[in-house]
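Note that ligands are numbered from 1 as they come in the structure, with each ligand's atoms numbered from 1 the same way.
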Amino acid sequence: AKKSGKNQFKIFDENVSKDILFRKKVAEKVRTALKKNEFTLNFMPIYQASDLTIYGAEVLLRAGSESLKNIGPDIFIPIAEEFNIIKDIDLWVIENTFKLIDANRVYIQQNPLMFGINISSVELHNNYFPKEISKLLHKYKIPPEWIEMEITETSLIEADELSITVLNDIRNLGIRLSLDDFGTGYTAFNQLMRYPVACLKIDKSFVDDLTSTNESRKTMIKAILSIAKAYRLATVAEGIENIEQYKYVSERGCDMVQGYLFSKPLDWVSLTLLLAEPKEK
Ligand code: C2E
Ligand code: CA
Ligand code: CA
Ligand code: CA
C-alpha cells in the first residue's frame, strides 16, 4: 500500500535512528572489548605463487567477546573509525602481533614469516603514528624486516603531504608497505611512485571476475600485473577460491597468492601446524 509522504519520512527516520543506535552499541562493545582485552588475532597465510611455500601471514582482528561474536571486522572496523576508536585498535593489533613475535622469536627465525598488519586510513593523518610504531618495535625488539603494513588504495584519495611523510617515516623504520584492495581506488599508475610502497594487493573483486566470461574485466588483472612489473612492485592476488583463478594469476606473473583455496584465516597454533606439514613435491 502507498503511504503518504509524511509517513514515508517517518519510516525512513526510524530506520536511520535504528542504524545509529546499532552503530553506537557496536562502538560501545568495541570499547569494552578493548578494555577487557577480548580481541584475538588470526593469521591468513600468503603463499609464493611459484611453489606455494608460505611467505607470510596477514594479521586479521577477531572479536573474542560474546557480545561481538557475530560481528566481523568488515562491520566493526568502519564503526571504530567513525567513533574514533580505530587508533587504539591499530595499536592493539600492532602491539599484540609484536608480543606474539617476541614470544615465538626462535621459531620464526627458523621458519621465516612476514607479518602483514592492516592499518586504517586515519593513520595517514596521524603524525605520531610512526613514533608509536617505533616505540613498540624497540620495546619488543622486533626486526622491522619481518613486518609489512597494508593500507588501502582508497585511503590514498585523501592523502596529503603529511600522509606521504607518515608513509615515508614508516618505510624508514624498515617496514615494507603494501597497497591493499588495489584496483578499487583508481590511483593513476604514474602517481604510484609518489608513495613508498613495495607491493600491490590486487582486490578480490578482480579475482572473482576471472571466473566470469567477461573478457574485458579480466584485462584489469593483466594490466595491474604488467604495470607492477614495470614499476618493480611485488604483487599479491587476494581471494583466490579455485584452481582456475590460481592458474590465471600465476601464469601471468603474479608473485603471491592468498585465499580460501589455500587456507582460511587461522589461529597461531593452527598456522604453526600448517608450517610443520611436509612440503609435497
Ligand atoms: P582486507 O584487509 O581486504 O582483508 C581480507 C579479507 O578478505 C579478510 O576478511 C579475509 O578473511 C577475506 N578473504 C581472504 N581470502 C578470501 C577468499 O578467498 N574468499 C573470501 N570469501 N574471503 C576472503 P576479514 O578478516 O573479515 O576482514 C575484513 C576487513 O576488515 C579487512 O579487509 C580489513 O579491511 C579489516 N580488518 C581486519 N582486521 C583488521 C585490523 O587488524 N586492523 C584494521 N585496521 N582493519 C582490519
Ligand atoms: Ca588487508
Ligand atoms: Ca584486501
Ligand atoms: Ca577489503
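Around the Ca ion (ligand 3), the angle linking E238 (OE2) with D181 (OD1) is 150°, rounded to 10 degrees. Angle OE1(E150) to the Ca ion (ligand 2) to OD1(N118), rounded to 10°: 90°.
In this structure, the ring of F83 has its center no less than 6.0 angstrom from the ring center of F76.
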Contacts table for residues 111-124: side-chain donor-acceptor under 3.5 angstrom, sequence neighbours left out:
| residue | atom | partner | partner atom | Å |
| --- | --- | --- | --- | --- |
| N111 | ND2 | Y107 | O | 2.9 |
| N118 | ND2 | E58 | OE2 | 2.9 |
| N118 | ND2 | V59 | O | 3.3 |
| S120 | OG | E81 | OE2 | 2.8 |
| S120 | OG | V122 | N | 3.1 |
| E123 | OE1 | N126 | ND2 | 2.9 |

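For ligand 1, the atoms sitting less than 4.0 Å from at least one non-hydrogen atom of D181 are 3 (O), numbered in the order shown with element in parentheses. Short contacts between ligand 1 and P265, defined as distances under 4.0 Å to a heavy atom of the residue, involve ligand atoms 11 (O). Set against the non-hydrogen atoms of K204, the atoms of ligand 1 under 4.0 Å away are 17 (C), 19 (N), 20 (C), 21 (N), 22 (N). Remark: ligand 1 atoms within the under-4.0 Å shell around heavy atoms of G239 are 15 (N), 16 (C), 17 (C), 18 (O). The ligand atoms of ligand 1 that sit less than 4.0 angstrom from a heavy atom of M44 are 14 (C), 15 (N). Applying the 4.0 Å criterion to heavy atoms of G259 picks out, from ligand 1, the atoms 15 (N), 18 (O). Atoms of ligand 1 lying under 4.0 Å from at least one heavy atom of S120, given by number and element, are 44 (N).
Closest to the Ca ion (ligand 2) among the N, O or S atoms of E58 is OE2. The closest approach of D180 to the Ca ion (ligand 3), by N/O/S atoms, is made by OD1.
Comparing I94, I77, L61, D90 against atom 46 (C) of ligand 1, the shortest heavy-atom distance belongs to I77. Of the options P78, P73, S121, the smallest heavy-atom separation from atom 28 (C) of ligand 1 is shown by P73. By heavy-atom distance, the residue among D180, I75, I240 lying nearest atom 2 (O) of ligand 1 is D180.
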Q | Working for ring-ring contact (aromatic ring centres under 6.0 Å, His included), residues F182 and F206 | A | CA-CA 9 Å; F182 192 80; F206 301 107; 8.6 Å; no
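The pair K204-E238 fails the salt-bridge criterion, with no side-chain N (NZ, NE, NH1 or NH2) lying under 4.0 Å from an Asp/Glu carboxylate O. No salt bridge links E145 with R176; every basic N to acidic carboxylate O contact stays at or beyond 4.0 Å. Taking the charged nitrogens against the carboxylate oxygens, R31 and E28 do have a contact shorter than 4.0 Å, which makes a salt bridge. Between K87 and D90, no side-chain nitrogen of the basic residue sits less than 4.0 Å from a carboxylate oxygen of the acidic one, so the salt-bridge criterion is not met.
Under a 4.0 Å heavy-atom criterion, K201 is not in contact with ligand 1.
By the 3.5 Å distance cut-off applied to N or O atoms, R62 is counted among the residues near ligand 1. The shortest N or O to N or O distance between L261 and ligand 1 is not under 3.5 Å. Between E150 and ligand 1, not a single N/O pair is under 3.5 Å apart.
Under the 3.5 Å distance criterion, with hydrogens and angles disregarded, a donor-acceptor pair is assigned to the side chains of Q245 and T211. Using modelled atom types and a 3.5 Å distance limit, the side chains of T184 and D203 yield no donor-acceptor pair.
Considering CG of L266 and CG of L41, their distance stands at 13.0 Å, rounded to 0.5 Å.
When heavy-atom distances to ligand 1 are checked against a 4.0 Å cut-off, N118 comes that close through both its backbone and its side chain.
Relative orientation of the F43 and W268 rings is perpendicular, given thresholds of 30° and 60° on the angle between their planes.
Applying the side chain to side chain contact (heavy atoms under 4.5 Å, CB included) rule to L162 yields the partners N127, D160, V166; only residues at least two apart in sequence or on another chain are considered.
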